[in-house]
Amino acid sequence: MPLSTQSQSQDQQYVLVANLDNARNLSNILKAITCRDHAIFTATANGLKVTVEDCKCMQANAFIQADIFQEFTLKEDMVIFQINLTVLLDCLNIFGGSTAAGASTALRMCYMGYGHPLTLFLEEGGVVTVCKINTQEPEEPIDFEFSSSNVTNKVILQSESLKEAFSELDMTSEVLQITMSPSQPYFRLSTFGNSGNAHYDYSKDSDMMELFQCSTTQTNRYKMSLLKPSTKALSISCKVSVRTDGRGLLSLQYLVRNDDGQICFVEYFCCPDEEVEEE
Amino acid sequence: MKFRGKITDIACLNHFTTFSRILKSAVCLNEADPLCSGVVTTISKLTKTCVLRLTPDHLFFILPGKVTNGGVGMWCQLLQANFFQEYQMEGVTSEVQEICLEVSPEPWSRALKTVQSAKSVKLKLTRKHCACLTVAAELPTLSSVGRVVTHDVPVDVIPRRLWQEFQEVGVPDFDVSVYLPPLKTMKSVVDRMKNLSNFLVMEANLNGDMNLKIQTDLVSVTTHFKDLGNPAGGDVSSQDGGPSQSRDPEVMAEVTVDIRKLQQFLMGQQVNPSKALCNIVHQNVVHLVLLHEDVSLQYFIPAVA
């Protein structure tokens, strides 16, 4: 059935209805946080937040504001459910997911509330696919209590500069070490792998450095396996902000422009590797 | 019994290449076949039987629907005059102008691969250490000296008493016949569905509607194709057996199939056929018919038990 002839009465049963003319505006950003099977969807009047967590020490969030959608109707203050993200992505990309000239898949996402599946209506070229994906009891997402007031060091870089470093990261290194300092080396990424140590330095005067606010010298190590997935978000973003707080908790925020030039955000939180130790 | 054929015209060779690509995907022993996917793994012990049937006017390439194929059957028919510049054959006896050969799939696949890059091809029935179909492909080179690659594909001559199986395939008494949607769209959808389920339901009715459905504990997905059109009664084989006149056009005929078989069929279709249709025998078999100019290809996918 064409998306436009969905009956009125059926609409009234849904607590969430979200329409997109181009399903890629959702699927591309979800791909950037897919590192685990399950994701928590939180819908509020502001829009959609999709959360993925790993090992209780890494969290990835994708924010798709309500105004990105052609329609975003919520009947409750907050709607939360957990869903299999890889299944959802297979459904969103049912018509191929590649950027064919002119062709785009329209999406209508509907949810009737607790206990019901998430229903997707996808249409391309007159062909309609209906998907019903079972939802689960959402787990409580971790609150890392990362607040701007506790931020010790912050830099904003153009993604271009980090892309090369991240794609070349020595995967035999168990950790990625990040050094931020008001003095040399300013901003450094380090790995310690089988073939030796590697350092990527970014000077505060570099063209790529849009903002540099470092008050203290901090060196923290993070498990490579937890941070490597952030490369996906980096590759679709144009800018990234790197912040640490007093505890060494890392916040990476990515500014992403979708197919229509609209802005969405992806955020990664990562706890420092406890075993660290030497300055 | 003799056979000799030669293809020297480039257009004919390109045409033959298209056809051999279709055949190659059908001959794939399993998804991990190194000849098809480039992944080097051990080839499954279950081999398919490939039959090459030669008559004065046609070449038939047949994969009979044996249990070892998972029940999938394929029948491909070409008009020899549209491919070969030279074609000479003498059947098993002077009255019976026909030859039926069982062909080893692996060497045949390799030979087809070479043919794809050839300038000209010669096929000949020979006797080396055993009966062989010798495929000699002339490959383009930068120098003036040509390079010929020869494949000796072992064959077994099939005795006449077994020919029954390889005569013209009869169209089953189907419940619904419908034109297929664009194969590219079908392939995209089936590729994704394969990630979600092992089985797929294919259903269609006389209103030109077709649905592809999967259902598991986690998810259900249905793709609706509309206004596909139904062939009027007969089909390309012009056999008898149209759907009964009193059938309600809304009622679906359905078959549950192994999704990999459907995917395998769709993978081989690189060129848009001039005609593509599907005959469904409710809960029994899906019969897919494709016409590419002068190559006709029929594929039978049985319902899962």
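Quick note on labels: first sequence line is chain A, next is B, and so on, each numbered from 1. For the numbers below, each heavy atom of this structure counts, side chains included, while hydrogens, waters and symmetry mates do not. Everything quoted here is computed from the prediction, not taken from an experiment.
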| Should we say atom CD of A:E139 is surrounded by more than 12 heavy atoms from elsewhere, each under 6.0 Å from it? | no
| Hey, what do you get for OG1 (A:T129) to CZ (B:R192), rounding to the nearest 0.5 Å? | 12.0 Å
| said: For A:D90, which atoms come within 4.5 Å of any heavy atom of chain B: side chain, backbone, both, or neither? | reply: both
| Heavy-atom proximity to chain A below 4.5 Å, by part of B:D217 | backbone
| request: Might you point out which heavy atoms bring B:H224 and A:V127 nearest each other, and give the distance in Å? | output: O-CG1, 3.4 Å
| Interface moiety of B:L218 toward chain A, non-hydrogen atoms closer than 4.5 Å | both
| said: Just so I understand: if I count every heavy-atom pair under 4.5 Å between each of B:D227, B:N195, B:T222 and chain A, which residue has the most? | reply: B:T222
| query | Do other residues, nucleotides or ligands put more than 12 heavy atoms under 6.0 Å from A:D77 CG? | reply | no
